[in-house]
Amino acid sequence: MLVTGKAILHHAHENEYAVGAFNVNNMEQVQAIIEAAEETKSPVIIQASQGGLQYAGVEYIAQMAKVAAEKASVPVAIHLDHGTDFKQIMLCIRNGFTSVMIDGSHYELEENIRKTKQIVEMAHAVGVSVEAELGKIGGTEDDISVDEKDATYTDPDEAEKFVAETGIDSLAIAVGTAHGPYKGEPKLDFDRIKIIKERLNMPIVLHGSSGVPEESIKKAVSLGINKINIDTDIRMVFHKAVKEFIASNPDTYDPRKIVGPARKAMKEVIAEKMNMFGSSDKAWK
Ligand code: 13P
């Protein structure tokens, strides 16, 4: 069942849980996400970043995700992760994405507001939901890199102004996570999550969630996080499964045999995440 990002996140906000948003580049990842969502009866978000769209093409990602969503018994949204370009956002919407992110976090507040508002007006006119970002999340997500020293936490006062002036549906906040693998253990600013949730009373989003310990994720969800972005953990599971298969079957050349076990391994990890985020058994008809 294909639905908007807003429908999914509104339900999560009202019922106090988080939905997994998993990045995809290929068919096996799309299938792994849907299998896990159906098995755990979770609503889910399939998302593509700049790199994913460059690798597979907007049309391929959109069509694969649409087939998966329409066949699925659970609610599924198709989301553009870290959109930066007006034209690309338009193209994603035209191809059937039901949610887009405009990432203006590298601009000054007023410019971020201006750019975000423009996308909100256009996307809402055709029933597509919008996520935006305030504060700067560290690390690397494909083409977008923020040096650790340039990462800045989301300011609750600015967040209130930002939401009021842009009309976004969800806000990605910077509270200590970073995209990509962590060197040490990430320390989340839980007080900030709590304050921002109380002030905004709307869906809030955690990026850079791979490698964050289970208890921190659960605490973040209990304080109001409703969307949890996962990319690196799934890439790593894929890599491990393919590597192990090739090591023990060096002469097998059938791509289905090489990538099939990775699809299964990804599905298992995604299902575990869904249980951790509290989205299991939350799918609605
Ligand atoms: P990770 O790669 O750290 O899981 O982050 C994913 C993300 O936030 C995508 O926007």
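The analysis underlying the following values was restricted to heavy atoms, covering all of them including side chains, and did not include hydrogens, waters or symmetry mates. Remember, it's 1-based here, ligands and their atoms both numbered in the order they're listed. What you see is a predicted model; the values in this text were computed from it and never measured.
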TODO: Identify the protein heavy atom lying closest to atom 9 (C) of ligand 1, giving its residue, its atom name and the separation to 0.1 Å.
DONE: Asp81 OD2, 3.0 Å
Task: Pair Glu110 + Arg114: basic N to acidic O under 4.0 Å - done: no
Open item on the list: Can you tell me if Pro181 contacts ligand 1 (heavy atom of the residue under 4.0 Å from the ligand)?
Closed with: no
Open item on the list: Under 3.5 Å, is there a donor on one side chain and an acceptor on the other for Asn226 and Lys197?
Closed with: yes
Open item on the list: Less than 3.5 Å apart, any donor N or O on the side chain of His106 or Glu111 sitting next to an acceptor on the other?
Closed with: no
Open item on the list: Under the side chain to side chain contact (heavy atoms under 4.5 Å, CB included) test against Ile225, which residue among Val205, Ile217, Ile193 passes?
Closed with: Ile193
Task: Criterion salt bridge (Lys or Arg N to Asp or Glu O under 4.0 Å) against Lys267, the qualifying member of Glu39, Glu28, Glu38 - done: Glu39
- [ ] Please check if any side-chain donor atom of Asp81 sits under 3.5 Å from a side-chain acceptor atom of Asn23, or the reverse.
- [x] yes
TODO: Considering the heavy atoms of Asn23, write down every atom of ligand 1 situated less than 4.0 Å from one of them.
DONE: 9 (C)
Open item on the list: Please tell me whether Ser99 and Ser129 have a donor and an acceptor in their side chains that are separated by less than 3.5 angstrom.
Closed with: no
TODO: For ligand 1, note which part of Ile230 has a heavy atom under 4.0 Å away: side chain, backbone, both or neither.
DONE: backbone
- [ ] Return the residue, atom name and 0.1 Å-rounded distance of the protein heavy atom closest to atom 7 (C) of ligand 1.
- [x] His179 CD2, 3.3 Å
Open item on the list: Just to confirm my output: which protein heavy-atom neighbour is closest to atom 8 (O) of ligand 1, and how far is it?
Closed with: Gly208 N, 2.8 Å
Task: Phe245 six-ring face occupied by Lys257 cation (under 6.0 Å, within 45°) - done: no
Open item on the list: Is Asp233 close enough to touch ligand 1? Criterion: a residue heavy atom under 4.0 Å from a ligand atom.
Closed with: no
TODO: Have a look at ligand 1 and work out which part of His82, if any, has a heavy atom under 4.0 Å from it: side chain, backbone, both or neither.
DONE: side chain
- [ ] For atom 2 (O) of ligand 1, find the nearest protein heavy atom and state the residue, atom name and distance (0.1 Å precision).
- [x] Thr232 OG1, 2.5 Å
- [ ] For atom 4 (O) of ligand 1, grab the closest protein heavy atom and report residue, atom and distance to one decimal in Å.
- [x] Ser210 OG, 2.5 Å
Open item on the list: I'd like to check which ligand 1 atoms, numbered from 1 as shown, lie under 4.0 Å from a non-hydrogen atom of Ala178.
Closed with: 3 (O)
Open item on the list: Under a 3.5 Å cutoff, is there a donor and acceptor pairing between the side chains of Asn229 and Lys227?
Closed with: yes
Task: Part of Ser49 within contact of ligand 1 (heavy atoms, under 4.0 Å) - done: neither
Task: For His207, the ligand 1 atoms whose distance to one of its heavy atoms is below 4.0 Å - done: 8 (O), 10 (O)
TODO: Could you tell me whether some N/O pair between Gln47 and ligand 1 is separated by less than 3.5 angstrom?
DONE: no
